[in-house]
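Okay, structure first, notes after.
As the structure is a prediction and not an experimental result, all values here were calculated from the model. Remember, it's 1-based here, ligands and their atoms both numbered in the order they're listed.
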Amino acid sequence: MEEANVHDEGCRSAERRLSTLGRHLSGQSPSSAASRASLMASENPNGAIAPSPTAGFYGGSVFAHVVKAPEDPILGVTVAYNKDPSPVKVNLGVGAYRTEEGKPLVLNVVRRAEQMLVNDPSRVKEYLPITGLADFNKLSAKLIFGSDSPAIQENRVATVQCLSGTGSLRVGSEFLARHYSERTIYIPQPTWGNHPKVFTLAGLSVKTYRYYDPATRGLNFQGLLEDLSSAPSGAIVLLHACAHNPTGVDPTLDQWEQIRQLMRSKGLLPFFDSAYQGFASGSLDADAQSVRIFVADGGECLTAQSYAKNMGLYGERVGALSIVCSSADVAVRVESQLKLVIRPMYSNPPIHGASIVATILKDRALFHEWTIELKAMADRIISMRQLLFDALRARGTPGDWSHIIKQIGMFTFTGLNREQVAFMTQEYHIYMTSDGRISMAGLSSKTVPHLADAIHAAVTRMS
Ligand code: PLA
């Protein structure tokens with residue numbers, strides 16, 4: 001009986017996902033049947049077009065109907081970059097930190113923690129529990145909410161280790177689709193390109209709120225407040241904890257406080273995406289302030305954390321989902337349901353990356369070393385902003401480029417249009433996303449002049 005219910009719920013939820021996805025896709029009104037089919041093929045794992053069951057029999061493929069999907073708008077930039085033989089090429093697409101020499105960086109503190117793990121014979125490779133490494137979960141919650149957080153002291157936080165930030169967002173939204181009364185999530189306009197896909201496929205319906213004002217290249221605070229005021233009460237709201245991607249524009253603390261008051265008065269549920277803690281300002285605590293002012297009022301929220309950028313653990317896929325609940329009792333039940341989301345998805349998370357993070361977070365000296373390395377990365381990114389700004393000024397490039405030094409975090413949202421970006425890629429081998437976003441973390445003092453030349457040419461020849 002119980003199994004049948006679970007099965008029915010599974011079918012209903014699968015149907016819901018498909019119909020939500022259909023609505024989402026039809027809103028994008030692709031220009032032709034082929035591009036629609038390719039969208040479906042890229043975004044709908046169930047496939048959009050019925051295959052012929054006998055095709056394989058006659059020498060054809062049972063997959064002959066499968067349409068070639070387009071590359072991902074962000075990760076596809078790296079694919080194109082890798083194919084370019086030019087010695088001057090620069091990849092400013094994906095947000096991945098590079099050294100002054102243009103090389104990927106493994107933090108010293110991570111190497112040290114890995115050595116400790118390798119040398120410890122008591123470390124084994126058994127499965128972790130469904131919820132992940134217990135120490136990692138506790139320490140991750142402390143890192144984002146603060147070690148003196150009443151929510152942690154009162155055991156009101158359910159934390160599960162997930163597959164980096166993306167996996168944490170996905171598990172959190174699957175949980176909400178099953179157990180929360182309101183299925184609409186409001187995301188900022190614009191936002192990280194993967195957000196709408198993650199939430200739609202989890203079964204939520206996605207709407208946007210105004211966030212960025214292209215005229216000022218700053219926050220459209222009035223528009224944000226208006227849109228959240230007219231959201232239905234109880235709706236979920238996705239908030240970038242800091243270093244908003246792609247705009248590099250964050251609310252001030254005073255604005256966060258106003259957002260908090262509005263959201264709490266309307267019963268809107270905050271879902272924080274914290275992918276850059278420590279990367280915006282160089283301080284782990286300062287970058288967690290937005291989350292902490294919401295948790296301090298005793299209300300509930302969700303937080304997806306990633307260690308990809310701040311610990312440089314990109315490919316280790318380490319992250320955590322925390323759900324702050326109103327009581328310890330609710331948190332226990334929420335955690336039990338998170339396990340039911342995770343078990344059929346990937347069973348349990350990988351052990352190595354989480355062990356590195358736990359080793360660093362629980363050792364005072366290692367933690368301190370990490371904060372210094374993290375600050376050095378954040379400072380290098382900030383210095384690249386100044387260098388690029390100065391280089392454009394020196395060239396007399398038309399326009400006001402002060403947003404390059406005002407924006408925060410890994411990215412600059414340049415304001416360059418699609419054609420200018422295509423020109424820079426073609427003529428200068430500069431790779432970046434077509435919305436004009438550049439990863440400042442991928443620049444070095446050696447590549448800034450080349451980028452400034454490219455921007456100058458794009459602006460003067462392509463406007
Ligand atoms: N949330 C935001 C706002 C992000 O920018 C990213 C990564 C993630 C979550 C997910 O990161 P994770 O799963 O690796 O922890 N955004 C990158 C990479 C850096 C990407 O698109 O996957 C970007 O270039 O935008």
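A donor-acceptor contact closer than 3.5 angstrom is absent between the side chains of Arg98 and Asn91. A donor-acceptor contact closer than 3.5 angstrom is absent between the side chains of Ser444 and Glu101.
For Glu335 and Lys339, the salt-bridge test fails: no basic side-chain N is under 4.0 Å from an acidic carboxylate O. Residues Asp84 and Lys89 are not paired through a salt bridge, judged by the lack of any N-O separation under 4.0 Å between the basic side chain and the carboxylate.
Within the 4.5 Å cutoff, the side chain of Asp285 has heavy atoms near those of the Arg292 side chain.
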Review point. Does the salt bridge (charged side-chain N to carboxylate O under 4.0 Å, His left out) test come out yes or no for Glu369 and Arg112, once each step is laid out?
Key: CA-CA 10 Å; Glu369 192 178 332; Arg112 291 215 339 201; 3.3 Å; yes

Close N/O pairs between ligand 1 and protein, under 3.5 Å:
| residue | atom | partner | partner atom | Å |
| --- | --- | --- | --- | --- |
| ligand 1 | 1 (N) | Asp273 | OD1 | 3.4 |
| ligand 1 | 1 (N) | Asp273 | OD2 | 2.6 |
| ligand 1 | 5 (O) | Asn245 | ND2 | 2.6 |
| ligand 1 | 5 (O) | Tyr276 | OH | 2.6 |
| ligand 1 | 11 (O) | Lys309 | NZ | 3.3 |
| ligand 1 | 13 (O) | Gly165 | N | 3.4 |
| ligand 1 | 13 (O) | Thr166 | N | 2.9 |
| ligand 1 | 13 (O) | Thr166 | OG1 | 2.5 |
| ligand 1 | 13 (O) | Arg317 | NH2 | 2.8 |
| ligand 1 | 14 (O) | Arg317 | NH1 | 2.9 |
| ligand 1 | 15 (O) | Ser164 | OG | 2.5 |
| ligand 1 | 15 (O) | Gly165 | N | 2.8 |
| ligand 1 | 15 (O) | Ser306 | OG | 2.6 |
| ligand 1 | 16 (N) | Trp192 | NE1 | 3.3 |
| ligand 1 | 21 (O) | Trp192 | NE1 | 2.9 |
| ligand 1 | 24 (O) | Gly95 | N | 2.8 |
| ligand 1 | 24 (O) | Arg437 | NH2 | 2.9 |
| ligand 1 | 25 (O) | Trp192 | NE1 | 3.3 |
| ligand 1 | 25 (O) | Asn245 | ND2 | 3.0 |
| ligand 1 | 25 (O) | Arg437 | NH1 | 2.9 |
| ligand 1 | 25 (O) | Arg437 | NH2 | 3.4 |

